[in-house]
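One is the number of the first residue; the rest follow in order along the sequence. Being a predicted model, the structure only gives us computed values, none of them experimental. Side chains included, hydrogens not; waters and symmetry mates left out as well; all remaining heavy atoms used.
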Amino acid sequence: MHLEEVNIEGFKSFSENTNMGFQPGIGVIIGNNGVGKSNILDAIVWAMGEDNIGRLRCYKRDELFFGGSKTYLPAERVRVELLFKEGSAKDSPVFKLSRNMSRNGRSRFRIEDKPCSRADFRRKLDSLKLGHSLKTIIRQEEINDIIQLTPHKRFSAIRNLLELKSEADLVKQIQDHVTPLFYRYMNYLMPLAEVRLNVMLEKGRRGIEIEITLSGNRVRRAHQLSGGEKAITSLALKLAVFHLLDSQFYLLDEVEPSLDYTNHKSMQAFLKDVAADKQLIMITHLRSTIDLANTVHGVRTRFDGSSFMKFYFLMDERLLRLYKCC
């Protein structure tokens, strides 16, 4: 199952109906700062049922609507349509889910263009193994949050994310599944480091500690790492935990840290591994990430500030020269 198509109308900076097509693997969204790239990810999670205004990067509900410009009137309706495809064959089943909302009314959900309740919509997401997809988004301002936590709070945060009632269940999941995958990811990102993920018990409280031994036998805990080291460690841990949620795709908003050219190549190997069984939809500025993409979308703004798709293409021919115009 993968997200094949997104249609956005009236949402945030998108004044006109805007269409995006994706393929299994890695889809990247590129463009200058401030053109509305992150609004696309907001639209996807809103269409899947997100109602927390803060998580949609708003202060109030009205900010979800295009606010108007010299060229376009304010939007009176927001509509986002998602098409999911099961398999890559031309005749594979396609499922259409959508959400719309008017300024004066409540939001409405649809399955295959038929109105449905929120509960039915949620059940449909669960049946398509998309029920946890609202959790598998990482924004650029959140990438280090799990690393900055104390070991005890880190344990609680992961437990809450996975909705596990028992501490013993979480300990087993970490030992059996998260730790091996975390080590595999870190072997790409820090191949010369020795990494340890420990479930600790201190004063009756569980915690998760991360220790990394760098060259020269320098042992550092998570909070002692440099900015770039924290970013890649946090990214590896989050995606290892996400794997337990069985989501079909991850949304990543400029998650690559500022690394040198050699480490960009390490990031490429890491992303290829993750994308082997997950669809990645990524906002990026890095040429090394764009080089991996199966699809590329270029976003720009009109003179009035509204967003539009300047180009979309499959990367079969590696048309990276188009990156120069965005």
By salt bridge (charged side-chain N to carboxylate O under 4.0 Å, His left out), Glu4 pairs with (sequence neighbours left out) Lys85
For Pro74 and Gly67, the nearest pair of non-hydrogen atoms, with its separation, is CG-O, 3.6 Å
Does the side chain of Arg196 come under 3.5 Å of the side chain of Thr213 through a donor N or O and an acceptor N or O? yes
Discussion item. Can a side-chain donor-acceptor contact be found between Asn39 and Ser13 if the only test is distance below 3.5 angstrom?
Written reply: yes
Those residues at least two apart in sequence (or on a different chain) that pass ring pair (Phe, Tyr, Trp, His ring centres under 6.0 Å) with Phe182 are none
Side chain to side chain contact (heavy atoms under 4.5 Å, CB included) with Arg154: of Gln148, Arg206, Arg159, Glu209, only one passes, and it is Glu209
Answer yes or no: are there more than 12 heavy-atom neighbours, outside Leu201 itself, under 6.0 Å from its atom CG? yes
**Prompt:** Going hydrophobic residue to hydrophobic residue with side-chain gaps under 4.5 angstrom, can you get from Leu128 over to Leu83?
**Reply:** no
Taken in chain and number order and not counting sequence neighbours, the residues that satisfy ring pair (Phe, Tyr, Trp, His ring centres under 6.0 Å) with Tyr250 are Phe242
Less than 4.5 Å apart, side chain to side chain, heavy atoms only: is that true for Cys116 and Arg110?
no
The remaining residues in the hydrophobic cluster of Tyr72, counting side-chain heavy-atom contacts under 4.5 Å among Ile, Leu, Val, Met, Phe, Trp and Tyr, are Phe66
So do the side chains of His285 and Asn33 get within less than 4.5 Å of each other, counting heavy atoms only? yes
Here the salt bridge (charged side-chain N to carboxylate O under 4.0 Å, His left out) pairs for residues 56-70, sequence neighbours left out, are Asp42-Arg57
Sequence neighbours excluded, the answer for salt bridge (charged side-chain N to carboxylate O under 4.0 Å, His left out) partners of Asp304 is none
- Task: With the side chain counted from C-beta on, respond yes when Ile212 and Glu229 share a heavy-atom pair under 4.5 Å apart, and no when they do not.
- Result: no
For this session: Using the side chain to side chain contact (heavy atoms under 4.5 Å, CB included) rule, take Asp113 and Lys96 through it: C-alpha gap first, then chi angles, then the decisive distance, then the call.
Result: CA-CA 7 Å; Asp113 293 326; Lys96 182 191 295 186; 3.1 Å; yes
**Heavy atoms of other groups near Arg108 CZ, more than 12 under 6.0 Å** = no
Smallest heavy-atom separation, Val45 atom then Leu134 atom, equals O-CD2, 3.3 Å
Heavy-atom closest pair (Glu142 atom, Ile137 atom, distance to 0.1 Å) is OE1-O, 4.5 Å
Query - Minimum side-chain heavy-atom gap Val241-Leu161 below 4.5 Å - result: yes
Hits for side chain to side chain contact (heavy atoms under 4.5 Å, CB included) against Gln175, two or more places apart or cross-chain, chain-then-number order -> Val171
Answer yes or no: are there more than 12 heavy-atom neighbours, outside Arg218 itself, under 6.0 Å from its atom CZ? yes
Next on the checklist: Are the side chains of Met20 and Met309 in contact, using a 4.5 Å heavy-atom criterion?
Outcome noted: yes
Margin query: Could you check whether any side-chain heavy atom of Ile30 comes within less than 4.5 Å of a side-chain heavy atom of Thr284, counting everything from C-beta outward?
Written below: yes
Applying side-chain hydrogen bond (donor to acceptor under 3.5 Å, both in side chains) to Asp145 and not counting sequence neighbours gives Lys238
Would you say Glu9 and Asn7 are linked by a side-chain donor-acceptor pair, where the criterion is simply a distance under 3.5 Å?
no
Salt bridge (charged side-chain N to carboxylate O under 4.0 Å, His left out) pairs touching residues 15-34, sequence neighbours excluded, are Glu16-Arg302
Self-check item: Derivation of the salt bridge (Lys or Arg N to Asp or Glu O under 4.0 Å) call for Asp120 and Arg123
Solution: CA-CA 5 Å; Asp120 287 341; Arg123 282 191 285 271; 2.3 Å; yes
Is it true that Phe95 and Phe84 have ring centroids separated by less than 6.0 Å?
no
Going by chain and number, the hydrophobic cluster around Phe308 (ILVMFWY, side chain to side chain under 4.5 Å) further includes none
Review point. Arg300 versus Asn32: any side-chain heavy-atom pair under 4.5 Å?
Key: yes
Taking every heavy atom of Phe65 against every heavy atom of Met101, the minimum-distance pair comes out as CE2-O, 3.5 Å
Looking only at heavy atoms, the pair that brings Pro151 and Met200 closest together is CB-SD, 3.8 Å
With sequence neighbours left out, the residues meeting ring pair (Phe, Tyr, Trp, His ring centres under 6.0 Å) with Phe22 are His297
Applying ring pair (Phe, Tyr, Trp, His ring centres under 6.0 Å) to Phe121 and not counting sequence neighbours gives Phe109
Ile158 and Ile146 have their tightest heavy-atom pair at CG1-CD1, 3.8 Å
Flag side-chain contact, heavy atom, 4.5 Å: Ser247 against Ser133: yes
